[in-house]
There are 2 protein chains.
Amino acid sequence: MNIREALKEDWESIWPIFHEIVKAGETYAYDPATTMDQAEKLWIEAPRKSFVFEESGEILGTYYLKTNQAGPGSHVCNCGYMVSSKTRGRGIATTMCEHSQKVALELGYAAMQFNFVASSNEGAVRLWRKLGFETVGRLPKAFNHPEKGLVDALVMYKWLQT
Amino acid sequence: MNIREALKEDWESIWPIFHEIVKAGETYAYDPATTMDQAEKLWIEAPRKSFVFEESGEILGTYYLKTNQAGPGSHVCNCGYMVSSKTRGRGIATTMCEHSQKVALELGYAAMQFNFVASSNEGAVRLWRKLGFETVGRLPKAFNHPEKGLVDALVMYKWLQT
């Protein structure tokens, strides 16, 4: 098991994970029709850093880290995590989230914010809470779920520095 | 008095308003050192639409409107408003905010969200509340105010469709 920064040549292995999750439209605020090239810009180029979770040479998960707001908000970062459906429930998201918090502190961030967690994504909400994130906002009917319709989105937040 | 879409040639008149506000670092999550060119990208090119408030041929205020989150979040828009310090307190922000809500509905948005209102910006918080925006989130110490230090930032939200 190894978490390392994503390389240009990893994108072909990351894309199927991204595509499967975004196409479903149940968890991420990306257009379900996002193309492979657009996704690379969003996940790899725009963020400050992107990582992969690798096991026996296979990429099973990925995350990005970026500054959430510029200027007076630039001490707070934002991350997004994706795990291949084949390997969910094995704690890969937990491992990546803990890793990202360490990276965030090394980069000088004081806090981490998730801007848009679908309230229907109960597994994620439970996991982030367990990892110390607090629900600090609830956006009414802000997430349009393909089956459940308009559900609330949560803003979750953790102060990292001690 | 006239609110109209911003034209390429308006930027020279918008920039001093943007620059004065952003340089102060008290209200907007832009880098206080943002250059004129960077600002044009942020305020005019990246948003879906940008407007100016004009009186006797002079630009006194400006706002942008954009989609706040893609895909399952794309029915919620985001706006930012700026008024020249010379003409504050004359209701220009109110007029622009009401205008933006009409434009948002015409463009098919169901709600409007302000992601990052400095809690120290009491005038703005009061104004948005008066215009029907609810505080739906409070981000602890997320805004680094040049004099007050770390203050909370608020997420404000209004459902527009009836």
Side-chain angles (χ1 to χ4, degrees), chain A residues 21-34 38-39 42 67-78 109-118 120-121 133-161, chain B residues 21-34 38-39 42 67-78 109-118 120-121 133-161:
Chain A
I21 290 172
V22 168
K23 201 179 55 182
E26 295 175 356
T27 52
Y28 265 89
Y30 295 120
D31 183 344
T34 305
Q38 291 167 334
L42 291 165
T67 303
N68 200 43
Q69 298 280 359
S74 64
H75 57 293
V76 181
C77 68
N78 163 250
Y109 293 105
M112 189 180 286
Q113 180 174 329
F114 303 148
N115 298 308
F116 203 67
V117 182
S120 48
N121 191 1
F133 288 80
E134 242 190 297
T135 298
V136 296
R138 175 175 279 266
L139 316 170
K141 301 192 281 185
F143 194 100
N144 194 4
H145 189 282
E147 278 137 39
K148 299 174 196 208
L150 296 172
V151 300
D152 295 352
L154 307 181
V155 183
M156 302 189 76
Y157 194 89
K158 181 177 181 178
W159 195 262
L160 301 175
Q161 285 182 348
Chain B
I21 289 172
V22 169
K23 200 179 53 181
E26 295 175 357
T27 52
Y28 267 88
Y30 296 120
D31 182 345
T34 304
Q38 290 167 334
L42 291 166
T67 303
N68 199 43
Q69 298 280 358
S74 63
H75 58 293
V76 181
C77 68
N78 163 251
Y109 292 104
M112 188 179 287
Q113 179 173 330
F114 303 147
N115 298 308
F116 203 67
V117 182
S120 49
N121 191 359
F133 288 79
E134 240 188 299
T135 298
V136 296
R138 176 175 279 266
L139 315 171
K141 301 191 282 185
F143 194 99
N144 194 5
H145 189 283
E147 279 137 40
K148 299 175 197 211
L150 295 172
V151 300
D152 295 351
L154 307 181
V155 183
M156 302 188 76
Y157 194 90
K158 182 178 182 177
W159 194 261
L160 301 175
Q161 286 182 347

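Residue numbers begin at 1 in each chain, while the letters A, B, ... track the order of the sequences.
In this structure, chain A has no heavy atom under 4.5 Å from any part of Glu134(B). Heavy atoms of Tyr157(B) lying under 4.5 Å from chain A belong exclusively to its side chain. For Glu26(A), no part lies near chain B; criterion is any non-hydrogen pair under 4.5 Å. Proximity to chain A (any heavy atom under 4.5 Å) is shown, for Leu154(B), by neither the backbone nor the side chain. Both the backbone and the side chain of Ala142(B) come within contact range of chain A, each with at least one heavy atom under 4.5 Å from a heavy atom of that chain.
With chain A as partner, the option from Gly137(B), Ala110(B), Pro140(B) having the largest number of non-hydrogen pairs under 4.5 angstrom is Pro140(B). For chain A, the option among Asp31(B), Leu139(B), Leu150(B) with the highest count of heavy-atom pairs below 4.5 Å is Leu139(B). The greatest number of non-hydrogen atom pairs below 4.5 Å with chain A, out of His145(B), Gln113(B), Gln69(B), is found for Gln69(B). Note on Ala111(B), Pro72(B), Ala118(B): by heavy-atom pairs under 4.5 Å with chain A, the leading option is Pro72(B).
Considering every non-hydrogen atom in both Pro32(A) and Gly71(B), the closest pair reads CD-CA, 4.1 Å. Shown here for Lys141(B) and Asp152(B), the closest heavy-atom pair between the two residues is N-OD1, 2.9 Å.
For the atom pair OG1 (Thr27(A)) and CD1 (Ile21(A)), the distance works out to 6.0 Å, reported to the nearest 0.5 Å. Going from atom CG of Asn78(A) over to atom CZ of Phe116(A) covers 12.5 Å, rounded to the nearest 0.5 Å. Rounded to the nearest 0.5 Å, atoms NE2 (His75(A)) and CG (Leu160(A)) are 11.0 Å apart. Note that the OG atom of Ser74(A) and the OH atom of Tyr30(B) stand 14.5 Å from one another [nearest 0.5 Å].
Counting only heavy atoms from C-beta outward, the side chains of Thr67(B) and Tyr109(B) approach each other to under 4.5 Å.
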